[in-house]
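Note sheet for the following structure.
Note that the structure is a prediction, hence the values are computed from the model and not measured. Proteins get letters first, then strands, A, B, ... in listed order; numbering begins at 1 in each.
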Amino acid sequence: MTTLPAYSGPVDGILRPTPDEVLRELMGVIEAALEKSIRLTKSGIPPKPLWAAINDRLLWQDSKSILYDWDEVDQVRFMYSLAVQLALVQPDDERLLTVGPGAEEFFLATPTRRSEMLLRAYYEVVDWDERCDARNDHGHRHNFGQTFRRDFLRQPYDLRRALVEALGRCPDDAWVRAADVAHHLTHSVPDLLISEDDDVPMTPPDEADPEVERLLEYWVILAARFGWLDLARTPVGLETRGERVLRLTPLGRVITGRQTVSYADEEATRERAKPFVIQPNNDIIFYRRDGDISDEYLLRRIAVDQSYAHWNIAVVTYHITPESLRRALETGTDPEVVEQRIIQRSRTDVPSTFRNLLRDARRQLGKITLTQGLSAVELGPVDADARARIEAAGFRSFGSTVVVPWRRWGEFTAALGEDVTEGFRYPSEEPLAKFAETTLELEWPVLPMIARDLLVALGVSGDPPSVEMSEKTVATLAKTGWTPKAVAEAIAPLVDGELPAWLRAEVD
Amino acid sequence: MSTEPDSHVAHHNLAVLSTEDATIMDALLSRSEIRALVWKRLDGNHALVDTERIQLLIRRLKAIGHVPRFADSIPY
């Protein structure tokens, strides 16, 4: 792989960003969603009060003048889209936004795993495209490629992969001119910024496309906010500002596949830190410098609602009550995590009052458990070596289905060593099936996981699969425990509630 | 049709419901209001469920005397 030329001259004004800002903004999206009862519109767009609540929590806020149209907001939409992609927030069955199943998985992961999840989510965001949605300090669109409101030839996913791949060509521990990155992109992926109707631009071999240069000038700021890059400029001239230069951070080297880290070492480092002092009145004093965003997240989950102290304050106090702890445990927090992450990392002896608080909360819970933040991979033909690697890496297999925690997705694909076809992400944006008279027709050849046992019991077949589904066929399922009402409830999310009248009557 | 695909297919954003033993899972699945929310039984005491309706599942489990707890990893 060609490495971009290093810049060895002097630099000014080095910025060494961390991902903390983005992580705090993502936590802000959760807080904003929980601040009031927020119900999504039928089209899935969040209501305006949520935009303002998110914007209030962003360090890079949108201009107030554009907070009137979902298509106009930039940072609010980007952060909300990332949060949805990470399942930090998710609508429930009544379209009310709640803490999503990905929140614990994401915030409690090690820093590197968290960054890998963030990169994956960034790749997959489709509701925001930096080419036509990103705005400058004045709230004006950048419109990279000048094809505003026309479909681009390449998907946002392709654009982002190309940008990150270009970063992977930076030499270790050396500055690189952004112009050299733009030159590489111009000639390696010349159709990044054109619309479906445009011709690929012909750029002289020794030049970069000015539009790609402009995109790079914007995008390196975003990459720096993710913690992938240090930024600087070459020394300022008398009349011009210096050229932009960039350098991969250790995290940048990891996300571009140039370097690996030991997740176990990261866990061990975190376990050694003792950022808490627990008081007899169940106040937890948190020394932020010794902890990280995962500690802050966990405290906010189990503490009573309060106005949160500014991020610059070094020491903060959270108050825990039986009700606040119970609410957290009933909505996704594992009591073992509270034990391991807080009680075992207290600087001082833990008062019996706090131990009793957790013990009493645990006693109210039964032995049925729910584990969220998972993917299920249905394996096709797989050789014995790959299966052995999957088992050795500690992934749970149930027949041909492997269940993978999101934070370990990269480890799973490495262990499998083969491509995985993307099936579905639930809840799906579009219905995955529809009724055509008495036939349930699935939209895609891949069988969804929604109501899988029922679909198999019904005997779906074909490509795409379909099955005859009438009152008579459903009645025959009764002997296997599927009542018509259960069938209707199970099928409803598959067809986005568009059930035939005889089935709808069962759930109305 | 066979539910085993020709290639490896990923399904994202799922939750697993776990019970200590298979008889508890059998008892849960014998109730139509629980069964409607369980997508696929993986083995005796594990099943994939719908994350979008997880609070509804919890309400229904509570109504029949079970208060589930959340776990960071799949037990049993």
Checklist line | Derivation and outcome, side chain to side chain contact (heavy atoms under 4.5 Å, CB included), residues B:Val49 and A:Leu370 | finding: CA-CA 9 Å; B:Val49 299; A:Leu370 288 162; 4.3 Å; yes
### Steps toward side chain to side chain contact (heavy atoms under 4.5 Å, CB included) verdict (B:Asn13, A:Leu374)
CA-CA 6 Å; B:Asn13 198 10; A:Leu374 303 170; over 6 Å; no
Q.
Evaluate B:Asp72 against A:Gln340 for side chain to side chain donor-acceptor pair (under 3.5 Å), listing each step before the verdict.
A. CA-CA 12 Å; B:Asp72 189 43; A:Gln340 290 164 10; over 6 Å; no
Given the rule in the side chain to side chain contact (heavy atoms under 4.5 Å, CB included) test, do A:Thr401 and B:Leu42 qualify, once you have shown the distances and angles that lead to the verdict? CA-CA 8 Å; A:Thr401 303; B:Leu42 293 167; 4.1 Å; yes
_Intermediate values then yes/no, side chain to side chain donor-acceptor pair (under 3.5 Å), A:Gln372 and B:Thr51_ = CA-CA 7 Å; A:Gln372 301 188 99; B:Thr51 62; 5.9 Å; no
Criterion side chain to side chain contact (heavy atoms under 4.5 Å, CB included) on B:Lys40 and A:Glu378, from CA distance to verdict:
CA-CA 12 Å; B:Lys40 180 184 181 184; A:Glu378 295 187 282; 3.9 Å; yes
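Only the side chain of A:Arg407 has a heavy atom closer than 4.5 Å to any heavy atom of chain B. Both the backbone and the side chain of A:Glu422 come within less than 4.5 Å of a heavy atom in chain B. Contacts between A:Ser428 and chain B at a heavy-atom distance below 4.5 Å are absent for every atom of the residue. Only the side chain of B:Ile54 comes within contact range of chain A, with heavy atoms under 4.5 Å apart. Of the two parts of A:Gln364, only the backbone, made up of N, CA, C and O, holds a non-hydrogen atom closer than 4.5 Å to a non-hydrogen atom of chain B. When heavy atoms are compared at a cutoff of 4.5 Å, B:Ile74 approaches chain A by way of both its backbone and its side chain. For B:Leu17, the parts sitting under 4.5 Å from any heavy atom of chain A are the backbone and the side chain alike. Heavy atoms closer than 4.5 Å to chain A are found in the side chain of B:Leu28, but not in its backbone. With a threshold of 4.5 angstrom between heavy atoms, A:Pro448 approaches chain B through N, CA, C or O but not through any side-chain atom.
Taking CG from B:Asp6 and OG1 from A:Thr421, the interatomic distance works out to 9.5 Å, rounded to the nearest 0.5 Å. Atom CG of residue A:Asp93 and atom CG of residue B:Leu37 lie 8.5 Å apart, to the nearest 0.5 angstrom. For the atom pair CG of B:Leu56 and CG of A:Asp92, the computed distance is 9.0 Å after rounding to the nearest 0.5 Å. If you take OG on B:Ser7 and CD on A:Glu418, they are separated by 10.0 Å, rounding to the nearest 0.5 Å.
Between A:Thr371 and B:Pro75, the closest side-chain pair of non-hydrogen atoms falls below 4.5 Å. Using a 4.5 Å heavy-atom threshold, the side chains of A:Thr369 and B:Thr19 count as separate. Between A:Val377 and B:Val9 there is no side-chain heavy-atom pair separated by less than 4.5 Å. A 4.5 Å side-chain heavy-atom check between A:Thr98 and B:Gln55 finds every atom pair outside the cut-off. Counting only heavy atoms from C-beta outward, the side chains of A:Glu336 and B:Phe70 never approach each other to under 4.5 Å.
Residues A:Ala486 and B:Ser32 come closest through the heavy atom pair CB-O, 3.5 Å. Closest of all the heavy-atom pairs between A:Gly481 and B:Arg35 is CA-NH1, 3.7 Å. Of all heavy-atom pairs between B:Tyr76 and A:Arg396, the closest is O-NH2, 2.9 Å.
Most heavy-atom pairs under 4.5 Å with chain B, from the set A:Val382, A:Thr331, A:Ile491, A:Val404: that is A:Thr331. When each of A:Ala490, A:Pro335, A:Gly399 is scored by its heavy-atom pairs under 4.5 Å with chain B, the top score falls to A:Ala490. Between chain B and the residues A:Ala376, A:Gly423, A:Ala87, A:Gly373, the largest count of heavy-atom pairs under 4.5 Å involves A:Ala376. Counting heavy-atom pairs closer than 4.5 Å to chain B, the top residue among A:Pro405, A:Ala492, A:Pro427, A:Gly102 is A:Pro427. Most heavy-atom pairs under 4.5 Å with chain B: of the set A:Val337, A:Val402, A:Leu416, this distinction falls to A:Leu416. Of the listed residues B:Lys62, B:Arg31, B:Met25, the one with more heavy-atom pairs under 4.5 angstrom with chain A than any other is B:Lys62.
Side-chain atoms of B:His8 come within 3.5 Å of backbone atoms of A:Gly380 as a donor-acceptor pair (strictly under, hydrogens ignored). Without hydrogens or angle criteria, A:Asp453 side chain to B:Arg41 main chain gives a donor-acceptor distance under 3.5 Å.
Looking at B:Arg69 and A:Asp334, a side-chain N of the basic residue comes within less than 4.0 Å of a carboxylate O on the acidic one, giving a salt bridge. Note on B:Arg53 versus A:Glu94: no salt bridge recorded, every NZ/NE/NH1/NH2 to OD/OE distance being 4.0 Å or above. Salt bridge status for B:Glu52 with A:Arg425: absent, with no side-chain N to carboxylate O gap under 4.0 Å.
Ring geometry, A:Tyr426 versus B:Trp39: the interplanar angle exceeds 60°, so the pair is classed perpendicular (tilted spans 30 to 60°). Under the 30°/60° scheme for interplanar angles, the aromatic rings of B:His11 and A:Phe424 are found to be tilted.
Remark: A:Asp383 CG is packed, more than 12 non-hydrogen atoms of other residues, nucleotides or ligands lying under 6.0 Å away.
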